[in-house]
Student: 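Below you'll find the structure I mean.
Residue numbering restarts at 1 for every chain, and letters A, B, ... go by the order of the sequence lines.
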Number of protein chains: 2
Amino acid sequence: MGERTAPSGTRADGKRRAIVRAALAEFLDAGFDVSVDRIAAAAGVSKVTVYNHFDSKENLFRAVVSGQLQGALAEVERQVEARLGDSDDVRAELVRACRSWVAALTTPDMLALRTLVAVESRRFPELGEAWLEHGPNVVFAKALTRLNDRGVLHVADVDLAVLQLAGLVLSPHLVHGRTPGKRLTDRLIVTGVDMFLGHYVRS
Amino acid sequence: MGERTAPSGTRADGKRRAIVRAALAEFLDAGFDVSVDRIAAAAGVSKVTVYNHFDSKENLFRAVVSGQLQGALAEVERQVEARLGDSDDVRAELVRACRSWVAALTTPDMLALRTLVAVESRRFPELGEAWLEHGPNVVFAKALTRLNDRGVLHVADVDLAVLQLAGLVLSPHLVHGRTPGKRLTDRLIVTGVDMFLGHYVRS
DNA sequence: CGCCAACTGTACTGACTGGTACAGTTAGTG
DNA sequence: CACTAACTGTACCAGTCAGTACAGTTGGCG
């Protein structure tokens, strides 16, 4: 009693996926306050079915957003890893990694997701924590540590350096409403990496 | 008809101030969705009185938030101006200005206000615009321009440089939920200014 | 193929909110 | 001091939404 089990079976799986897809879109578009009726309609599903799969709107939100969060962050990590270590030119290497980093975090969906998590962080503190702990910065901290170990960088405090690099190349996309254009984005990366290396590379 | 005139007189002024004060606190605490009843209660005022002064909840929000926005930004500007130009040591001068800048924008109220404006930017686009146009960055752009004109800096693109300096010293406070502690805040400023000057001061 | 879990649609409850009506009270100003 | 704008408190309307009840339908799995 109380804890009903979620429906299972091929049909149920399909419905569940449809609900999650629709809910994500609706949440990103209108925030947590979208009505469950609208989500159900967008999923082509009865409202009761939504409540058969997720026993409250809050749990639906948790499942949908945290799922997307995990996936997106894994994608960021994959991209940044792929761009590191394939060259001896540190500058070019770092610029490439930053391009992937910024690109992965500035898709419309990721920006909307970040805003959503920030907005609802009081109602769902766990989501904010998840963003910070398995967050994008952690990914890049590993990258910096690698460059440090290889001796090409001399970074005393990796966490501080990550904050600085993020501040230089990424933060302008996050703090403003409208995102900088492609030209400015690239200038921020190239000039930012220059500034960063000028400070942390002692020849 | 339609456009009722706001109440006037000494009593009305007091009530109005109480409403604005309470509304600001409640909006910052719980967002636009706080009930008008709660605002009225917090102001020690009847709900009808609220509607006598502001003919809709949306207009109340506009008046309260934009008023606070103007005041806070003016305060930032005043502080930064006061910290500039009183020394020949550019580094110390810039560090002082950044300290004022960061301090003025990271009070709990300012952080909450920023979040609130960001959240409701779709319902109240004007507020988001106001933040950007008369925003804190504009203040600092003037400061950089002054240092540039005095010949101590060589900044080709002031807007880019402001984004970078803001990214280095300010953005860590804005993008995370929890704000960095006092020690980290100061290290961000000092090291950030170092990095910034290393790039923009050609001796 | 037949059964039962899963689904649909509608209608409902209960709670809440923005905004208004109204009748009576308070207090600043001419 | 008296007049009236401004204020109070309560009661009310209309709309919305999370979540449930119920009776009937569908479709996948044993």
Side-chain angles (χ1 to χ4, degrees), chain A residues 1-27 29-65 116 119-120 122-124, chain B residues 1-27 29-65 116 119-120 122-124:
Chain A
M1 46 193 72
E3 289 279 325
R4 277 155 296 180
T5 78
S8 60
T10 64
R11 180 175 45 156
D13 288 350
K15 298 286 181 181
R16 188 186 183 88
R17 259 194 301 273
I19 294 170
V20 169
R21 274 168 64 95
L24 175 67
E26 298 298 319
F27 279 137
D29 183 56
F32 180 72
D33 288 340
V34 274
S35 63
V36 176
D37 293 87
R38 201 172 125 188
I39 294 173
V45 147
S46 168
K47 186 178 174 181
V48 178
T49 301
V50 174
Y51 280 97
N52 282 345
H53 283 269
F54 306 90
D55 50 289
S56 75
K57 188 188 180 183
E58 293 206 350
N59 279 344
L60 171 60
F61 185 82
R62 259 182 271 267
V64 168
V65 172
L116 194 52
V119 168
E120 300 297 340
R122 200 167 310 180
R123 195 167 359 200
F124 305 93
Chain B
M1 46 192 73
E3 288 280 323
R4 278 155 297 179
T5 79
S8 61
T10 66
R11 181 174 45 153
D13 289 350
K15 298 286 181 182
R16 188 186 182 89
R17 259 194 301 273
I19 294 170
V20 169
R21 274 168 65 93
L24 175 67
E26 298 297 319
F27 279 139
D29 182 57
F32 180 73
D33 288 340
V34 275
S35 63
V36 175
D37 292 88
R38 201 172 125 187
I39 294 173
V45 146
S46 168
K47 187 177 172 182
V48 178
T49 301
V50 174
Y51 279 99
N52 281 345
H53 283 270
F54 305 89
D55 51 288
S56 74
K57 188 187 181 183
E58 292 207 350
N59 279 343
L60 171 60
F61 185 82
R62 258 182 274 266
V64 168
V65 173
L116 193 53
V119 168
E120 299 298 341
R122 201 168 308 181
R123 194 166 0 198
F124 304 93

Student: Taking the side chain of B:T10 as heavy atoms from C-beta outward, which of C:dC7, C:dG28, D:dC7 is closest to it?
Tutor: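 Side chain of B:T10 sits closest to C:dG28.
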Student: Can you work out whether A:T49 or B:V48 has the more 5'-proximal nearest nucleotide on DNA chain C?
Tutor: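 On the 5' side of the pair lies A:T49.
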Student: Rounding to a whole Å, what distance do you find between A:I19:CD1 and C:dA6:C1'?
Tutor: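 Computing the A:I19:CD1 to C:dA6:C1' distance gives 11 Å.
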Student: Do the non-hydrogen side-chain atoms of A:V36 and A:Y51 ever get within less than 4.5 Å of each other?
Tutor: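 A side-chain contact under 4.5 Å exists here.
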Student: What is the distance from CZ of B:F54 to P of D:dC7, rounded to the nearest Å?
Tutor: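 Distance check: B:F54 CZ to D:dC7 P gives 11 Å.
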Student: Expressed as a whole number of angstroms, how long is the span from B:R11:CZ to C:dA27:C1'?
Tutor: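 To the nearest whole Å, that distance equals 5 Å.
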Student: Walk me through it: do A:R123 and A:F61 pass the test side-chain contact (heavy atoms from CB on, under 4.5 Å)?
Tutor: CA-CA 11 Å; A:R123 195 167 359 200; A:F61 185 82; over 6 Å; no
Student: Just N and O in the side chain of B:S35: are any of them under 4.0 Å from OP1 or OP2 of C:dC16?
Tutor: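 Negative; the distance criterion is not met.
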Student: CG of A:D55 versus P of D:dG19: gap in Å, rounded?
Tutor: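 It works out to 9 Å between those atoms.
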Student: Please classify the nucleic acid contact of B:G14 as base, sugar-phosphate, or nothing, using heavy-atom distances under 4.0 Å.
Tutor: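 Touches nothing.
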Student: Please determine whether a side-chain nitrogen or oxygen atom of B:H53 lies at a distance below 4.0 Å from atom OP1 or OP2 of D:dC7.
Tutor: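 Answer yes for this pair, as a side-chain N or O of B:H53 is under 4.0 Å from OP1 or OP2.
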Student: With a 3.5 Å cut-off and just heavy-atom distances, do the side chain of B:K47 and the base of C:dG19 make a donor-acceptor pair?
Tutor: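 Checked by distance alone, the answer is yes.
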Student: Can you tell me the distance, in whole Å, between the CG atom of A:N52 and the P atom of C:dT8?
Tutor: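 Result: 9 Å.
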Student: To the nearest Å, give me how far apart OH (B:Y51) and C1' (D:dC7) are.
Tutor: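 Taking atom C1' of D:dC7 as the reference, OH of B:Y51 is at 17 Å.
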Student: Taking for each residue the nucleotide of DNA chain C with the nearest heavy atom, is it B:G9 or B:V34 whose nucleotide lies nearer the 5' end?
Tutor: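 The 5'-side residue here is B:V34.
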Student: In Å and rounded to the nearest 0.5 Å, what is the CG to CG distance from B:D29 to B:L116?
Tutor: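 If I round to the nearest 0.5 Å, the distance is 11.0 Å.
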Student: In whole Å, I'd like the distance from the CZ atom of A:R38 to the C1' atom of D:dC17.
Tutor: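 In whole Å, D:dC17 C1' lies 14 Å from A:R38 CZ.
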Student: With a 4.5 Å limit on heavy-atom distance, are the side chains of A:F54 and A:I19 in contact?
Tutor: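 Touching, per the 4.5 Å side-chain cut-off.
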Student: Output yes when a side-chain donor or acceptor of A:K57 lies under 3.5 Å from a complementary backbone atom of A:F32, and no otherwise.
Tutor: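 Checking the backbone N and O of A:F32 against the side chain of A:K57, a donor-acceptor pair under 3.5 Å is found.
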Student: Find the distance A:D13:CG to D:dG27:C1' and express it as a whole number of Å.
Tutor: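 These atoms are roughly 14 Å apart.
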Student: OP1, OP2 of D:dC17 versus side-chain N and O of A:K57: anything below 4.0 Å?
Tutor: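 So the side chain of A:K57 is outside the cut-off, no N or O lying under 4.0 Å from OP1 or OP2 of D:dC17.
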